[in-house]
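What follows is one structure encoded as C-alpha cells, with my remarks underneath.
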Amino acid sequence: MDLLSVKDLHAQIDGKNILNGIDLSVKKGEVHAIMGPNGSGKSTLSNVIMGHPKFVVTKGSISFEGKDVLELSPDKRSRLGLFLSFQYPFEVQGLGFSKFLFSAYKARFPNKKISVLDFQKLLKSKAEALHMTPEFTKRELNVGFSGGEKKRAEILQLMMLEPKLAILDETDSGLDIDSLKLVAESVNRLRGPDFSAIVITHYKRILNYLKPDVVHVLSEGRIVASGDMSLADELEANGYKTVLQKSAMGRGAEK
Amino acid sequence: MAKDLSKERQLASLDYSRYDFKTGTESYEVILNKGLSERTVKEISAIKNEPQWMLEYRLKALKAFEAKPMPQWGADLNGIKFNDIVYYMRASEANREKWEDVPEYIKNTFDRLGLPDAEKKFLGGVGAQYDSEIVYHSIRKDLEKLGVLFLSMDQGLLEYPEIVKAHFGKTIPYSDNKFAALNSAVWSGGSFVFVPKGVKVEIPLQAYFRINAENMGQFERTLIVAEPESQIHYVEGCTAPKYSSQALHSAVVEVVAKDSAHVRYTTIQNWSNNIYNLVTKRAVAHKNATVEWVDGNLGSKVTMKYPAVFLLGEGSKAEILSVALAAKGQHQDAGAKVVHLASNTTSRITSKSISKDGGRASYRGLVRVAKGMKNVKSNVVCDALLLDDYSRSDTYPTIEINEPTATIAHEAKVGKIGEDQIFYLTSRGLTETEALTLIVLGFIQPFTKSLPMEYAVELNRLIEMEMEGTIG
C-alpha cells in the first residue's frame, strides 16, 4: 500500500489554477525528489498536502496510509505523521523555540509521558547532531535566525517530531555547503522503513547526498516526467527546456 | 462558613490588633445612600475619624468634581450614572455582595483558575481573605524592622499624618481631572507605602496581602514615598477577574521617587465587564531616580488609564510597560505620559495591545520635553495585535519637543495574525486555538517576563482561557 497517494489533484488559489492533475504515490521508506521551474507548483503541492487553508482543492484526492486527509486540518495531518519543512519558516516573537517544540511534541505524541527535563535532554542531543548550541533552542522561534539557522531549525523540528512522511520544501536553498551536508546526513540517518520523504529542490547537490528513489519533474501543475537520478543529471546538464520538450513530444506521441 | 470565618477574624484581631487596620469593623457596617453630596463626603470623613485638613481637602475636591465637565475625549463615559453609585461601603460579612449574585462566567473563571474557595469569594467581592492576612502580618513585621511602612491609606493617614500630609495630593492635585477630583473627595482604601532612605526592599510588596475587610474599593488612593537611594517594587491587583456590583472604579496613585530611588509599580487588573475603570497614576522622579510602571489591563467595560512620570531631576529615568486586552464590548483606552523637566533624562514606553471579538484598544500617549533640557532620550514603541477583522486598534501619540538636542524615537505597528503564521504552527500539530494562544502569549512576553513569577503564570493561564473562546 502507498504511504501517500495523490490522485488527479487540482488546486487553486484566488481562483487561479495552480495544480492541474497531480498523480504521485510514495511508498514506505521511499525518498522522492520533485524538481521543476519556478512557478510550476512545487510549493503549492507541499502546502496542499499539508492542508494550508488558503488553497482550494477542486478535484482529486490525497490519502495518507489509506486515509483520506483532504478534510483534515493541518494539525490533524501532522498528528498522523505528516511534516512540512518550510521554505520560509515564520517568526513568532516572544515564543521560545523549545517551548514551542515541547507543545508540538506533546501534540504529536499525546501518549508519551515526557517531563520537561527529559524533553530538554532529547532536544539537546538532536540539536548537537545538527551542530546547534543549546542556546539556540532558548531563542524565540525563528526570530533573528539567519537563513541557514532557520533551515536547520526546521530539520531539528523534523527530527523531534519523527514524521512518517516529511516534505522538505527547498530546505537546501540558503544553506552553505557544510550545513547542506549536515542536514542531508541528519535526514539520511532517519531513513528506514518508517520514514519517507519528498524533497523539493532546484539543485542536484542535495540529491547527491540523499539519493532519492524517484525523481519527478513538475511543470505547470503536472508531473511531466519521472525517473531515477539520471533524470536529475539530465536536468543539471541540459536544463528544464530539453526535458520539458521531450515530455511534450512524449505526450504528443501518446495522442 | 461565614460564622467560622468571623470567629477566625476575631482571633486575628486579638493577636494582631495593633497592626490590623480593620480592628473594630466587626460590629461596624456602613453603607451610605446612593449619590454624592457634601453630606456624603462629611460622613465618609467622620466615619474614618480623619483630621480636619483631610475633610477640607475632600470638600474642595468635591467642588472641583462638580465644576469640571466630563472629559470629551477618549472612551465613551455616558453610561456612568453618578447618582446611582454608592460612594462608601464599609465592608463586613453582612453587606458584601451575595455569592449568588456573582455572574456565572466569573465563577467559572475562578474554578478554572483553581482558586481556593476563600479566594474566590474574596475576588467575587464576597468574603475577606484570611490566609493572606496572616501572610501580610509576617511580611509587615519584616518590613517594620527596616522602617518600611506598608498600611492601608486610611491607617497611614491616622498613624503617620505628617508624612501623608506632606505628599498627599501633591503629585496629583484634586484639580487635575474630574475623576481625580472625585477620588480625592470620596477616596477610601488603597495603600500607603513609605521606604526610608537607603532601604532596598528585595521582595515585591503585594497589595494582595494587605487587602481585607476594607475591600479593594471603588475609590482607592495609593501613595508611595521612596526616600533617597531606596528601592521598592509594589504589586497590586490580580489576574483573576474581580467582580463588583458598583459600576465605577476610580483610583488615584501617587508615587514620589526621591534622589536615586528606584520604584517599580506593577498592576494587573481584570475587572468584570460592567466596570468603568478610570484611574489617574502619576509619579515624580527626582535626581537620578528611576520609576517603572508595569500596567496590565484586562476586562472592564471601559478603562482609561495613562500612567505618567514627571522627570524632575537630572539623570532620572522612566519606563512604562503596558498591556491591554480588549475583548467583546470592551474599550481599553490606555497609554503613558512622560514629561521631561530636567536634562539627561530618559524614558522608554512600550505598549502592547490585543483586540479581539470586536473589542477596541487605543494607545494614547504623551512625551513632552521642556525647553532647555539637554540630552533627553525617549523611545516609544506601540504594538497592536488584531485577532479578527471586526476588532479595532487606534494610536494617539502626542510628542511635544521644545529642545533640539532631544533624541526621540516613536514606532507604532499594527499586526494581524496571518493565515500563514497559523498554518506554520498548526502544521506542527497544534490546534488553531493553541497556535493563536502561543502567538498572543509571545506578543505580550516582554510584559509577562517583568512580572513576579506567580503573576506571570496566572496571566498566561488567563490569556489561554480568553483565547479558548476566540475561535468558533
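Chain letters run A, B, ... following the sequence lines, proteins first, then strands; residues in each count from 1. The structure presented is a predicted model; accordingly, all values stated were derived computationally and were not measured.
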Could you pull out every donor-acceptor pair under 3.5 Å between chain B and chain A?
| residue | atom | partner | partner atom | Å |
| --- | --- | --- | --- | --- |
| B:D420 | OD1 | A:H52 | NE2 | 2.7 |
| B:D420 | OD1 | A:K54 | NZ | 3.2 |
| B:Q421 | NE2 | A:E91 | O | 3.0 |
| B:Y424 | OH | A:N142 | ND2 | 3.1 |
| B:Y424 | OH | A:E154 | OE2 | 2.4 |
| B:Y424 | OH | A:Q157 | NE2 | 3.2 |
| B:T426 | O | A:D75 | N | 3.2 |
| B:S427 | O | A:S78 | OG | 3.4 |
| B:R428 | NE | A:Q157 | OE1 | 2.5 |
| B:R428 | NH1 | A:L84 | O | 2.7 |
| B:R428 | NH2 | A:L84 | O | 3.1 |
| B:R428 | NH2 | A:E154 | OE1 | 2.6 |
| B:R428 | NH2 | A:E154 | OE2 | 3.4 |
| B:G429 | N | A:S78 | OG | 3.1 |
| B:G429 | O | A:R79 | NE | 3.2 |

Open item on the list: Between A:L161 and chain B, with a heavy-atom cut-off of 4.5 Å, which part of the residue counts as in contact: side chain, backbone, both or neither?
Closed with: side chain

Open item on the list: Could you check whether A:F86 and B:F423 have their ring centres less than 6.0 Å apart?
Closed with: yes

Task: Test item: A:L95 and B:F443 side chains (from C-beta on) under 4.5 Å apart, heavy atoms - done: no

- [ ] Below 4.5 Å from any heavy atom of chain B, which atoms of A:P163 appear? Answer side chain, backbone, both or neither.
- [x] neither

TODO: With a 4.5 Å cut-off on heavy-atom pairs, point out which of B:G442, B:A435, B:P446, B:G418 contacts chain A the most.
DONE: B:G442

TODO: List the steps, then state whether side chain to side chain contact (heavy atoms under 4.5 Å, CB included) holds for B:L438 with A:L141.
DONE: CA-CA 11 Å; B:L438 286 180; A:L141 182 59; over 6 Å; no

Task: Verdict with supporting geometry, A:F90 and B:I439, side chain to side chain contact (heavy atoms under 4.5 Å, CB included) - done: CA-CA 11 Å; A:F90 283 87; B:I439 291 170; over 6 Å; no

